[in-house]
Structures are given as C-alpha cells and as structure tokens.
Amino acid sequence: MSAPSLTTTKADSPHPPPPREAGPVPAGARFAKSLRRNLTAHGFLIGAVLCFGFFSWYPMVREFLLAFQRTENGRTTWVGLDNLRTVVNDPAFWQAWSNTALFTVLALVLGFAVPFLVAIVINEFHHGQGYLRLLVYLPVMLPPVASVLLFKYLYDPGYGLLNELFTSIGLPAQQWLQDPDISMLAVVIASTWMNMGGATLIYLAALQSIPGELYEAAELDGAGLLRKIWHVTVPQTRLILSLMALMQVIATMQVFVEPFLLTGGAGPEGSTTTVVYLIYQYAFNFNNYGAAAALGLLLLVLLAGFSAVYVKLSRAEDE
C-alpha cells in the first residue's frame, strides 16, 4: 500500500485565496438599481404628491393670484389691492369678523370644555365605556344636514321641543333662530353637539394614558375631585389640550355649514354672517371671485399668524 501524498492541490487547500475586490459601483448604476427595486413605492409616492399638489397647493396658489386679479367678460386683468379695498370697505366685513370671533369664543367655552368634561365622566366608568364612546361619537357619523334639521325642529318657536321644555318649567319660550341676540348661541350649541364626539375620544385616550399612581398620590395628600382634575389631569394633558385649542380656533374661524343651514347664512339682522359665508356671497351671489379670494387670503394670513404664535409659545414653554 502506497504512502499518502504530502502534496495538495490548490483546490484542496484549507485556506483558499481571498476573493478579488470589485471596483466601485457608479452612482448612476446604484440609483437605477434602487429605482428598480422601489419602483412601486415611488409610483405610489409620486401619485400622492401629484394629488396633494393638484387638490391642495394649486387652489392655494390660484386663490393668491385671484386676490389681485379681476375677470370681466372673459378677460383677466391685474388690479393690485383693489379687491382688498373692496372687501374692507364693505359694511358687512367688520360684522362678519365680529360674528366669527363671537362664534369662536362661544365655541371655545362650550365646544372645548364640554368634550373634556364628558371625557372625564366617561373615564370614571369601569364598565360600558365602549357603549358610551359609541353614544358620544354617534352625532359625528350623522350627515350634517340631518343634524341641522333635527336642531331646526328643536328650535322651532311654535312646536319645538326646547320651547316645550321651557314652558313646562315656567320659563318663557325663545325665538332661538329669529332673535339676533341668541341666534349665534343657538348655532354654537348645535355645532358643539354635532362635532364633540371626535374631541371627546381624543381626550379620553389622553386621560387613559395618565398613570394611576398620580391620582393615588393626590388622594393620599387629601385632594378632592376638583383638585385632582386641576393638579393632575390638566397638567398631564396640557399638550393635547393646547393642540386641540389650536385646532378648535382654526375650525371655528372657518365655520359655514351650521349657520348656512340653520339661519340661511346671514341670520336675523346679519347676526350669524361669518367670514366664510361672506366669501360664499362674494363668489356665488355677487360673482366677484377676486373679492372672495382676497377675503380668503386675509383669513389664511390670520390663521397662519395665529398658528405661528402658537408654535413659538409652545417652543418657549418646552425650553
């Protein structure tokens, strides 16, 4: 029997040679490979950007241009600040702004505070929270027209349920939508009932994220219900409260549906004329799209300034 060979071939070597290093891949080839790999994702992204630009940014740019233009007999001319002067000199301009400010203040008192209090009450129930959440959110799922028709029936001066309730307890009946002194309050009540469901669920989610140990510590210190709400609940939900306040102001400054359907827009003696309803009048009743765009631009600048102040104050508090 022959002795084993002491020589080994290159293929049988226990230490094969290291692989040859490839050269750098060109940037164009890397981009093409990444594009082929993510072609579907890029397609969806481009479609979303195009839709956002066409339905969001284009109307904003178009409104900005219309604010300084006038179209007559199919011809468009630049008029500078004439549209802004027309809007500011309109007697309904300042009334619309004061009505909108009044609606915003009343909506902050009712539409901001009531959902938070309802969320606190629901959070105290340990059973049946799902049914209560559904009950609170149900008005949001109703069509706005159906909700408005319901409140027009409730506010009817002849056979409305609210006046029936008032007379049954000895109070005088009210002209809810016909009295200029209380018509805006009636609109705010209807708007609060129609839109409070979403805010209530957001507040409820924020409340359920508060550690229970904080309430237990407050009880050991002898804090009652109101002190626990003020010293524990409000500080722990400060961020969401401030954010919802900003969203509330932005939404209420653009109110249109409720006064338009309840009081026809203007209301008795113009008491429910809002800025957005005045924009609607300029555009569709007076056929003055330049003035409508100018008023919309003023509203945009005001809300953008308010949002900028809010962001600056929030950053100052965080620092």
Side-chain angles (χ1 to χ4, degrees), residues 48 52 56-57 60 100-141 188-189 191-258 275-276 299-319:
F52 183 80
S56 295
W57 287 104
M60 294 175 61
T100 304
L102 176 61
F103 182 90
T104 300
V105 172
L106 293 176
L108 285 175
V109 174
L110 295 178
F112 182 70
V114 171
F116 187 64
L117 296 177
V118 172
I120 292 176
V121 173
I122 295 177
N123 193 46
E124 295 298 321
F125 285 87
H126 299 288
H127 301 285
Q129 279 196 11
Y131 298 104
L132 293 176
R133 289 196 297 265
L134 175 63
L135 184 64
V136 170
Y137 195 73
L138 186 61
V140 181
M141 295 185 288
V188 171
I189 293 174
S191 177
T192 300
W193 183 84
M194 292 166 58
N195 302 301
M196 66 177 289
T200 302
L201 295 187
I202 293 175
Y203 291 142
L204 185 59
L207 292 175
Q208 292 178 347
S209 65
I210 300 176
E213 294 80 2
L214 298 178
Y215 291 106
E216 295 176 1
E219 289 180 358
L220 292 177
D221 291 338
L225 176 61
L226 295 180
R227 292 186 61 187
K228 286 191 294 184
I229 293 175
W230 183 253
H231 294 288
V232 177
T233 305
V234 173
Q236 291 295 316
T237 57
R238 179 179 60 85
L239 179 62
I240 192 65
L241 285 174
S242 60
L243 179 61
M244 292 298 293
L246 173 65
M247 296 177 64
Q248 182 85 1
V249 171
I250 293 176
T252 53
M253 290 292 290
Q254 303 178 70
V255 62
F256 173 76
V257 174
E258 292 86 350
V275 174
V276 178
L299 182 61
L300 172 65
V301 171
L302 176 66
L303 294 180
F306 180 80
S307 301
V309 171
Y310 166 81
V311 171
K312 185 175 182 179
L313 293 177
S314 300
R315 289 180 177 177
E317 290 181 1
D318 293 338
E319 294 175 357

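Note that the structure is a prediction, hence the values are computed from the model and not measured.
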Scanning both residues in full, the closest heavy-atom pair of Leu246 with Ser307 reads CD1-OG, 4.0 Å
Tell me whether the count of non-hydrogen atoms from other residues, nucleotides or ligands lying under 6.0 Å of CG in Leu302 goes above 12. yes
May I ask you to test the Met253-Phe306 pair for a side-chain heavy-atom distance under 4.5 Å? no
Heavy-atom closest pair, residues Ala206 and Ser209: O-OG, 2.6 Å
Separation between CD (Glu219) and CG (Leu214), nearest 0.5 Å, reads 11.5 Å
Please round to the nearest 0.5 Å and tell me the distance separating atom CD1 of Ile120 and atom OG1 of Thr233. 5.5 Å
Non-hydrogen side-chain atoms of Phe116 and Thr237 separated by less than 4.5 Å: yes
Does Leu303 reach the side chain of Gln254, with side-chain heavy atoms less than 4.5 Å apart? yes
How close do Gln248 and Ala107 get, heavy atom to heavy atom, and via which atoms? NE2-O, 3.2 Å
Nearest-0.5 Å distance that lies between atom OH in Tyr215 and atom CG in Leu220: 15.0 Å
Out of curiosity, Met141 CE to Leu134 CG, how far, rounded to the nearest 0.5 Å? 5.0 Å
For the atom pair CZ (Phe103) and CD (Glu258), what is the distance rounded to the nearest 0.5 Å? 5.5 Å
Distance-minimising heavy-atom pair for Ser242 and Tyr310: OG-OH, 3.3 Å
Going from CD on Gln236 to CG on Leu241, what distance comes out if it is rounded to the nearest 0.5 angstrom? 11.5 Å
Any idea which heavy atoms bring Pro115 and Leu110 closest together, and the distance? CD-O, 3.6 Å
Heavy-atom side-chain proximity of Ile122 to Gln208 below 4.5 angstrom: no
For Leu108 and Ala245, work out which heavy atoms get closest and say how close. CD2-O, 4.4 Å
Under a 4.5 Å cut-off applied to non-hydrogen side-chain atoms, are Gln129 and Arg133 in contact? yes
Take Leu132 and Val121, measure what side chain to side chain contact (heavy atoms under 4.5 Å, CB included) needs, and give me the verdict at the end. CA-CA 10 Å; Leu132 293 176; Val121 173; over 6 Å; no
For Val136 and Leu201, what are the C-alpha separation, side-chain angles and deciding distance, and is it a side chain to side chain contact (heavy atoms under 4.5 Å, CB included)? CA-CA 8 Å; Val136 170; Leu201 295 187; 5.6 Å; no
In the structure I gave you, are the side-chain heavy atoms of Trp230 and Arg227 within less than 4.5 Å of one another anywhere? no
If you define the side chain from C-beta out and look only at heavy atoms, does anything of Val188 sit under 4.5 Å from Thr252? no
Side-chain contact, heavy-atom cut-off 4.5 Å: Leu204 with Asn123? yes
